Amino acid sequence: MFVITGATGQLGSRIVQRLVTRVPADRVVACVRDPERAAGLLTAGVHVRRGDYGDPASLAQAFEGASRVLVVSVDDAGDAAVARHRAAIDAARAAGAERIFYTSHQGARADSLFAPMPDHAATERYLAATGAPFTSLRNGFYASTVPLLLGGALETGELRAPADGPVSWTTHDDLAEAAAVLLADGGRYEGPTPPLTAARAHDLDDVAGLLTRLGGRTVRRVVVDDEEWTAALVGHGMPSGQADLLLGMFHASRRGEFATTGTALEDLLGRPAADLPAFLEGAVAAAR
């Protein structure tokens, strides 16, 4: 059985959709915190089981009979996030899974300036220490983050954000397809994969240029002081801790932590990975 956690999330749901094109649907288990949200998965013929990283008993039931388990990383940071990942890994091992897959990040490193990255690195170290066969998917930064950084750029003509660096933005769809390929294939990679990224990296200067071309009006990149930017976020209601976490993403990109590119993703897909211009074209069209 193939068990996919977070199966109603942006990435997990796409992985399930693509996996059932490669393996029989009745061999796929969608592990979700709220089964009522997974009615669509049931109609696809997959099994739906409740599983919550914070409830080990539920994981034992959800992972029963699993041969391959995909642990989708939580949308959080800090010790609590790593503890949840460990709980899922322990449950997968207890269930007798032959291989554990984990959605990590291209920037996973203990000294990263972006808080989730040391958590990914810590989870990978834990996986390695278990001695169990595992594959850690070093996913590129989600391209869906870019629209969240634009603010009112399309309306004001100014893309205001702190100093940044190149990021190899990558789509959920491509990463989900790659995950399905790896799950169905089994043991193509032992340990962390090469970076699973788009072929090119772009900074916000590039994004401003793309918006200018796609939106029909000039968008100018304006570098904003770090403190000014976080103060503006807090002024609009964002908790200060979350604002500081987001600022860490800019700090890390300045250091080149997300600039790495490679061919591993397109090799898995058997085609070129979607690039940021194509993604933004769709986002701009949707915003009109």
Side-chain angles (χ1 to χ4, degrees), residues 3-15 29-38 49-63 66 69-95 97 100-132 134-142 144-145 148 172 175 179 191-192 230 233-234 237-253 255 257-258:
V3 178
I4 313 300
T5 67
T8 52
Q10 285 197 67
L11 182 63
S13 61
R14 288 172 166 86
I15 292 172
V29 174
C31 175
V32 299
R33 284 185 295 179
D34 182 2
E36 291 186 0
R37 294 180 54 199
R49 299 176 184 171
R50 179 184 175 273
D52 186 335
Y53 291 176
D55 180 1
S58 73
L59 294 178
Q61 295 175 352
F63 293 177
V69 174
L70 174 64
V71 176
V72 174
S73 52
V74 300
D75 186 16
D76 199 358
D79 292 344
V82 178
R84 293 189 184 98
H85 298 157
R86 286 187 172 197
I89 292 164
D90 290 346
R93 293 183 65 211
I100 301 170
F101 296 79
Y102 170 71
T103 59
S104 186
H105 198 284
Q106 70 175 102
R109 50 191 282 185
D111 66 344
S112 174
L113 300 177
F114 185 40
M117 300 301 104
D119 299 341
H120 286 305
T123 301
E124 289 185 346
R125 289 195 302 272
Y126 186 73
L127 273 164
T130 67
F134 79 95
T135 302
S136 181
L137 284 67
R138 287 283 184 91
N139 287 342
F141 221 117
Y142 296 143
S144 59
T145 305
L148 305 178
H172 278 88
L175 293 172
T230 54
L233 294 179
V234 172
M238 180 178 290
S240 59
Q242 186 176 350
D244 289 339
L245 185 146
L246 288 176
L247 181 62
M249 182 183 69
F250 287 92
H251 289 168
S253 70
R255 198 166 71 170
E257 293 186 23
F258 310 128

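The first residue of the sequence shown is numbered 1, and numbering continues consecutively from there. All values reported here derive from a predicted model rather than from experimental measurement.
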Please name the pair of heavy atoms, one in Ala252 and one in Ser112, separated by the smallest distance, quoted to 0.1 Å. CB-OG, 4.4 Å
Under the side-chain contact (heavy atoms from CB on, under 4.5 Å) test, which residues partner Ser240, sequence neighbours left out? Val234
Atom CG of Asp79 with >12 non-hydrogen neighbours under 6.0 angstrom: no
Between Tyr142 and Leu11, is the side-chain contact (heavy atoms from CB on, under 4.5 Å) condition met? List the steps. CA-CA 10 Å; Tyr142 296 143; Leu11 182 63; 3.3 Å; yes
Contacts of Tyr53 that satisfy ring pair (Phe, Tyr, Trp, His ring centres under 6.0 Å) - sequence neighbours left out: none
Of all heavy-atom pairs linking Val74 and His85, the shortest is N-NE2, 3.0 Å
Going by the rule side-chain contact (heavy atoms from CB on, under 4.5 Å), which residues pair with Ala7 if we only count those two or more places apart in sequence or in a different chain? Val16, Ala30, Val32, Leu41
Any heavy-atom pair between the side chains of His120 and Ser73 that's under 4.5 Å? yes
Testing the basics here: between Ser58 and Arg50, what is the closest heavy-atom pair and its distance to 0.1 Å? CB-NH1, 3.1 Å
Less than 4.5 Å apart, any side-chain heavy atom of Arg255 and any of Leu113? yes
Which residues pass the side-chain contact (heavy atoms from CB on, under 4.5 Å) test with Asp34, sequence neighbours left out? Glu36, Arg37
To the nearest 0.5 Å, how far apart are OG1 in Thr130 and CD1 in Ile100? 5.5 Å
Supply the atom-to-atom distance Leu245 CG to Met238 CE, rounded to the nearest 0.5 angstrom. 9.5 Å
Please check if atom CZ in Arg33 has more than 12 non-hydrogen atoms from other residues, nucleotides or ligands closer than 6.0 Å. no
When you compare the side chains of Thr8 and Ser13, does any donor N or O come within less than 3.5 Å of an acceptor on the partner? no
Who pairs with Phe258 by ring pair (Phe, Tyr, Trp, His ring centres under 6.0 Å), at least two apart in sequence or on another chain? His105, Phe141
Would you mind reporting whether Thr123 and Ile89 have side-chain heavy atoms less than 4.5 Å apart? yes
Below 4.5 Å, heavy atoms only, C-beta onward: do Phe114 and His251 meet side chain to side chain? no
Heavy-atom closest contact (Ala179 atom, Leu137 atom, distance): CB-CD2, 3.6 Å
Taking all non-hydrogen atoms of both residues into account, name the closest pair between Glu124 and Ser104 and its distance. OE2-OG, 2.9 Å
Heavy-atom distance under 4.5 Å between the side chains of Thr103 and Val71, does that happen here? no
Nearest-0.5 Å distance that lies between atom CZ in Arg84 and atom CG in Leu59: 12.0 Å
Non-hydrogen side-chain atoms of Thr5 and Phe63 separated by less than 4.5 Å: yes
In Å, rounded to the nearest 0.5 Å, how long is the span from CG of Leu175 to CD of Gln10? 11.5 Å
List in chain and number order the residues that pass side-chain contact (heavy atoms from CB on, under 4.5 Å) with Asp119, two or more places apart in sequence or in another chain; answer none if no residue qualifies. Ala77, Ala81, Val82
Are Val29 and Ile4 packed together at the side-chain level, in the sense that at least one heavy-atom pair is separated by less than 4.5 angstrom? no
Once you round to the nearest 0.5 Å, how far does CD1 of Ile15 lie from NE2 of His172? 9.5 Å
Counting C-beta onward and ignoring hydrogens, is there a side-chain heavy-atom pair between Gln61 and Arg49 closer than 4.5 Å? no
Output for pair (Gln242 CD, Thr230 OG1), nearest 0.5 Å, gives 12.5 Å
Over all heavy atoms of both residues, which pair between Cys31 and Gly51 is shortest? Give the atoms and the distance, please. SG-CA, 3.5 Å
